[in-house]
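Reviewing the structure listed below.
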Amino acid sequence: MLWYKTGNTLLNEIKEKEFSKNLLPFWYIGQMGIVIKWNQKIIYIDPVLTDLTDEKGNTRRHYPAPYQAEDAFADYIFCTHNHRDHMNQETLLGMVASNPNVKIIIPEPLKKELIAWGIPERHILTLSQNKTLEIEENVTVTGIETAHDSYQYDEQGNSLTLGYLFHFAGMKLFHSGDTMLTQKLLDTLKKYAPFHVLLLPINGSDILRDSKNIIGNMNAKDATILASELCAELTIPLHYDMVKGNEENPLLFAQYMEKLAPNLRYHIMRLGELFLLG
């Protein structure tokens, strides 16, 4: 798999390019990794800017990271849960080192883990399900509890995994992180419908991955059903390309969308591609 844009070309586009205020730009950086730019603020969601190796030291990535974590400029970093392909220790430490004012937003139960990694508490903000955080003027984020692959909570009832519902001055973007499609998730999201864009995993699960303790997600059909039920203006499939042994063909998602939701838009992103929502 090849990057459409990578390295300094991609970094400079993210940092320097200016956009109309009625547009919401975002880039795909692999797996569930997304970079959003709004009013000159740069927001990362689930970035993995390092290698992923197995117990023998072999890479699990199909393609390298687009650039080094230390080279990335960020105002906010959101992590949906504590798996290495979503909340990556080396990536976060590198980004904090080069971004002294960055804020990392995570599910409430994960704060102790970041502190144990050596990330100063001043960089950490937490969120729980059904709670809303205002990060900038006209930008709020609401935590949505998710099931990966079951609902899990700490002793205080805070979900260990979250999707993030962003409101950008009227535009609604939902990044699910890893999750199964459940009736609970559907009912919760219907309260916020319709959506301008959904960012959803499509890799599913199977007995082979279960035997390797690879926790599954919704599949391509589930993602299509969710998009249809929520009348999403645009749905983008993610989490199908980066990790060896945990792939899916995104054209299967396209096939389901054409059959089950032909009135709705979808887009399959290239690595490093910029999408302008407006």
Side-chain angles (χ1 to χ4, degrees), residues 1-7 9-11 13-15 24-38 41-53 59-96 98-99 102-107 110 141 146 148 161-164 166 173-179 197-203 215 217-218 223 234-244 246-248 250 253 267-275 277:
M1 297 182 184
L2 300 177
W3 285 90
Y4 173 65
K5 288 185 180 179
T6 188
T9 301
L10 179 56
L11 282 167
E13 182 175 73
I14 294 171
K15 184 176 181 180
L24 179 63
F26 55 90
W27 293 260
Y28 179 46
I29 57 170
Q31 197 74 333
M32 290 295 290
I34 291 289
V35 185
I36 302 170
K37 190 170 187 179
W38 177 261
K41 298 295 184 179
I42 297 175
I43 301 167
Y44 277 76
I45 310 174
D46 284 352
V48 183
L49 301 177
T50 186
D51 198 7
L52 290 174
T53 56
T59 185
R60 298 181 62 208
R61 295 188 65 134
H62 280 296
Y63 49 81
Y67 40 77
Q68 297 296 312
E70 293 79 4
D71 295 331
F73 181 82
D75 296 287
Y76 300 95
I77 307 168
F78 286 79
C79 297
T80 58
H81 62 289
N82 67 346
H83 288 162
R84 284 197 303 154
D85 57 334
H86 298 265
M87 191 173 92
N88 186 274
Q89 181 176 2
E90 293 84 359
T91 295
L92 295 181
L93 289 172
M95 294 180 77
V96 167
S98 57
N99 294 277
V102 70
K103 299 296 184 183
I104 303 173
I105 297 89
I106 53 170
L110 306 184
V141 187
T146 53
H148 184 47
T161 63
L162 290 177
Y164 296 113
F166 292 83
L173 177 150
F174 178 61
H175 184 290
S176 70
D178 280 0
T179 185
V197 60
L198 300 176
L199 303 167
L200 305 175
I202 62 163
N203 58 301
I215 302 175
N217 285 313
M218 69 176 76
L234 173 70
T235 303
I236 293 178
L238 302 176
H239 208 300
Y240 58 79
D241 60 349
M242 191 175 80
V243 178
K244 296 175 182 178
N246 199 14
E247 311 93 340
E248 184 53 88
F253 170 76
H267 183 70
I268 298 172
M269 296 192 73
R270 293 292 186 186
L271 291 166
E273 178 186 355
L274 164 64
F275 192 96
L277 181 68

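At a cut-off of 3.5 Å, with distance as the only test, no side-chain donor of Asp178 or His83 sits close to an acceptor on the other residue. Residues Asn99 and Tyr44 have side chains that never bring a donor and an acceptor to within less than 3.5 angstrom of each other.
The distance from the CG atom of Asp51 to the CG atom of Leu49 is 12.0 Å, given to the nearest 0.5 Å. In this structure, Met218 CE and His148 NE2 are separated by 11.5 Å, a value rounded to the nearest 0.5 Å. With rounding to the nearest 0.5 angstrom, the SG atom of Cys79 is 7.5 Å from the CD1 atom of Ile106.
A 6.0 Å sphere centred on CD of Gln68 holds no more than 12 heavy atoms belonging to other residues, nucleotides or ligands.
A 4.5 Å side-chain heavy-atom check between Pro66 and Leu271 finds every atom pair outside the cut-off. For the pair Ile45 and Met32, the minimum side-chain heavy-atom distance is 4.5 Å or more. By the 4.5 Å heavy-atom criterion applied to side chains, Phe174 and Thr235 are not counted as neighbours.
The only option from Glu13, Lys5, Glu273 that meets the side-chain contact (heavy atoms from CB on, under 4.5 Å) definition with Trp27 turns out to be Glu13. The residue from Asn88, Asp46, Asp85 that alone fulfils the side chain to side chain donor-acceptor pair (under 3.5 Å) condition with Gln31 is Asp85.
Note: His267 and Phe275 have tilted aromatic rings, judged against thresholds of 30 and 60 degrees for the angle between ring planes.
Judged purely by atom type and a 3.5 angstrom limit, Asn246 has no side-chain atom pairing as donor or acceptor with the backbone of Asn203.
The distance between the ring centers of Phe166 and Phe26 does not fall below 6.0 angstrom.
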